[in-house]
Amino acid sequence: MENNRIKVTIVASVNSTEDRQKVIFALNNIFPNSELIEKKNNISTKMDDLRVLEKIKEKIRSKKSLAVLQRILHNNYHMGNTWFLINKQAAFVDNVAIIENEDESPLGPIKISINGCNLEQIKEWFER
């Protein structure tokens, strides 16, 4: 998708009971080649390209979770911005589990925000 305005932000919190390296490992599993930034109790990355989400795209297609993701993207869409959550523990074992609320991930989710987007284009990108 060619859109210079798109910004993808990925954030995972690091709880006091968690090993920071395991959270980094989980993020690297799902977002390989991303430059992770560590700040206080968060690890994040920002990209100007949806390609950072390629692995999620592959995994949800194989799990047939696309309809769930599209519904969540639609429900969270507001003024060119949307977001969704994935389970941090699933990411650690190189799986993608789309979740609907933070309570579904006991250690907290990984939040993926897409800003400056057209919802239909995002949905189509995930379908391709």
Side-chain angles (χ1 to χ4, degrees):
M1 173 181 299
E2 295 178 28
N3 185 337
N4 294 336
R5 298 178 334 129
I6 286 188
K7 302 276 187 239
V8 179
T9 305
I10 299 152
V11 179
S13 62
V14 181
N15 299 309
S16 59
T17 57
E18 287 181 291
D19 179 339
R20 180 174 287 279
Q21 292 307 310
K22 288 183 178 181
V23 176
I24 290 170
F25 182 83
L27 288 167
N28 283 329
N29 274 344
I30 306 302
F31 310 103
N33 306 318
S34 294
E35 188 175 320
L36 299 177
I37 301 163
E38 297 183 50
K39 288 186 182 175
K40 295 184 183 179
N41 296 330
N42 286 326
I43 300 172
S44 65
T45 188
K46 291 184 181 183
M47 301 288 287
D48 295 336
D49 195 332
L50 287 175
R51 285 182 286 186
V52 71
L53 305 177
E54 280 291 340
K55 196 156 188 184
I56 292 175
K57 183 177 174 177
E58 286 173 27
K59 298 273 186 183
I60 63 165
R61 180 170 291 150
S62 64
K63 290 174 134 184
K64 301 197 185 308
S65 301
L66 182 60
V68 172
L69 176 60
Q70 288 181 330
R71 180 178 47 78
I72 291 169
L73 290 170
H74 176 79
N75 290 344
N76 294 335
Y77 187 77
H78 181 71
M79 296 179 62
N81 304 305
T82 191
W83 57 273
F84 64 100
L85 306 171
I86 62 173
N87 184 294
K88 192 188 318 177
Q89 290 167 298
F92 183 78
V93 294
D94 202 25
N95 283 324
V96 172
I98 305 291
I99 58 175
E100 296 200 41
N101 64 60
E102 292 184 20
D103 297 340
E104 293 177 57
S105 186
L107 295 176
I110 297 170
K111 182 174 183 177
I112 297 98
S113 302
I114 306 169
N115 302 310
C117 65
N118 172 303
L119 184 60
E120 291 309 312
Q121 287 179 317
I122 299 295
K123 287 180 177 182
E124 289 172 16
W125 183 84
F126 275 106
E127 287 174 1
R128 282 189 252 130

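Because the structure is predicted, anything quoted here is derived from the model rather than measured.
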* Asked: Given side chains that start at C-beta, do those of Lys111 and Thr9 come closer than 4.5 Å, heavy atoms only?
  -> no
* Asked: Same cluster or not: are Phe25 and Val93 linked, directly or through other Ile, Leu, Val, Met, Phe, Trp or Tyr residues, by side-chain heavy atoms under 4.5 angstrom apart?
  -> yes
* Structure fact -> Sorted by chain and number, sequence neighbours left out, side chain to side chain contact (heavy atoms under 4.5 Å, CB included) with Arg71 holds for Val68, Asn75, Glu100
* To do: Verify the neighbour count for atom CD of Glu35: are there more than 12 heavy atoms of other residues, nucleotides or ligands below 6.0 Å?
  => no
* Structure fact -> The reported gap from CG in Leu73 to CD1 in Ile114 (rounded to nearest 0.5 angstrom) is 5.5 Å
* Asked: Does Arg61 reach the main-chain N or O of Phe126 with its side chain, forming a donor-acceptor pair under 3.5 Å?
  -> yes
* Measure the spacing between CD of Glu18 and CG of Asn41 and express it to the nearest 0.5 Å. => 10.0 Å
* Test Asp94 against Ile30 for side chain to side chain contact (heavy atoms under 4.5 Å, CB included), laying out the working first. => CA-CA 7 Å; Asp94 202 25; Ile30 306 302; 4.1 Å; yes
* **Side-chain donor or acceptor of Asn95 paired with backbone N/O of Ala90 under 3.5 Å** => no
* Just wondering, more than 12 heavy atoms not from Glu102 lying within 6.0 Å of its CD? -> no
* Short question: side chain of Lys88, backbone of Ser13 - any donor-acceptor pair under 3.5 Å? -> yes
* Asked: In Å, rounded to the nearest 0.5 Å, how long is the span from OG1 of Thr82 to CG of Asn76?
  -> 5.0 Å
* Report yes if some heavy atom in the side chain of Ile43 is under 4.5 Å from a heavy atom in the side chain of Arg20; otherwise report no. => yes
* **Note, Met47 side chain near Ile10 side chain (heavy atom, < 4.5 Å)** => no
* Flag side-chain contact, heavy atom, 4.5 Å: Val8 against Asn115 -> no
* To do: Report, as yes or no, whether the 6.0 Å neighbourhood of atom CG on Asp19 holds more than 12 heavy atoms from other residues, nucleotides or ligands.
  => yes
* Measure across Asn15 and Gly108 and return the closest heavy-atom pair with its distance rounded to 0.1 Å. => ND2-N, 4.5 Å
* Going hydrophobic residue to hydrophobic residue with side-chain gaps under 4.5 angstrom, can you get from Ile86 over to Ile24? -> yes
* Expected output: side-chain Lys57 to main-chain Trp125 donor-acceptor under 3.5 Å -> yes
* Asked: Checking side chain to side chain contact (heavy atoms under 4.5 Å, CB included) for the pair Glu104/Asn101: CA distance, chi angles, key distance, verdict?
  -> CA-CA 6 Å; Glu104 293 177 57; Asn101 64 60; 3.7 Å; yes
* Asked: To the nearest 0.5 Å, what is the distance between NZ (Lys55) and CD1 (Ile60)?
  -> 14.0 Å
* Would Ile98 end up clustered with Leu85 when hydrophobic side chains under 4.5 Å apart are linked, directly or stepwise? -> no
* Asked: Do Leu119 and Ile56 sit in the same hydrophobic cluster, where Ile, Leu, Val, Met, Phe, Trp and Tyr count as joined when their side-chain heavy atoms come under 4.5 Å apart?
  -> yes
* What are the two closest non-hydrogen atoms of Ser34 and Asn28, and how far apart are they? -> O-OD1, 4.4 Å
* Asked: Which atom names give the shortest non-hydrogen contact between Ile6 and Gly116, and what distance separates them?
  -> CG1-O, 3.4 Å
* Asked: Do any N or O atoms from the side chain of Asn87 and from the backbone of Gln89 form a donor-acceptor pair under 3.5 angstrom?
  -> yes
* Just wondering, do Leu53 and Phe31 contact through their side chains at under 4.5 Å, heavy atoms? -> yes
* For Ile110 against Ala91, the heavy-atom pair lying closest together -> CD1-CB, 3.8 Å
* Within-4.5 Å side-chain heavy-atom neighbours: Leu50 and Ile122 -> yes
* To do: State the CG-OG1 distance between Leu36 and Thr45, to the nearest 0.5 angstrom.
  => 5.5 Å
* To do: Establish whether Val11 and Phe84 are linked, either directly or via other cluster members, by ILVMFWY side-chain heavy-atom contacts under 4.5 Å.
  => no
* In Å, rounded to the nearest 0.5 Å, how long is the span from CG of Leu107 to OG1 of Thr17? -> 6.0 Å
* With no hydrogens and no angle check, is any side-chain donor or acceptor of Glu54 less than 3.5 Å from a backbone partner on Arg51? -> no
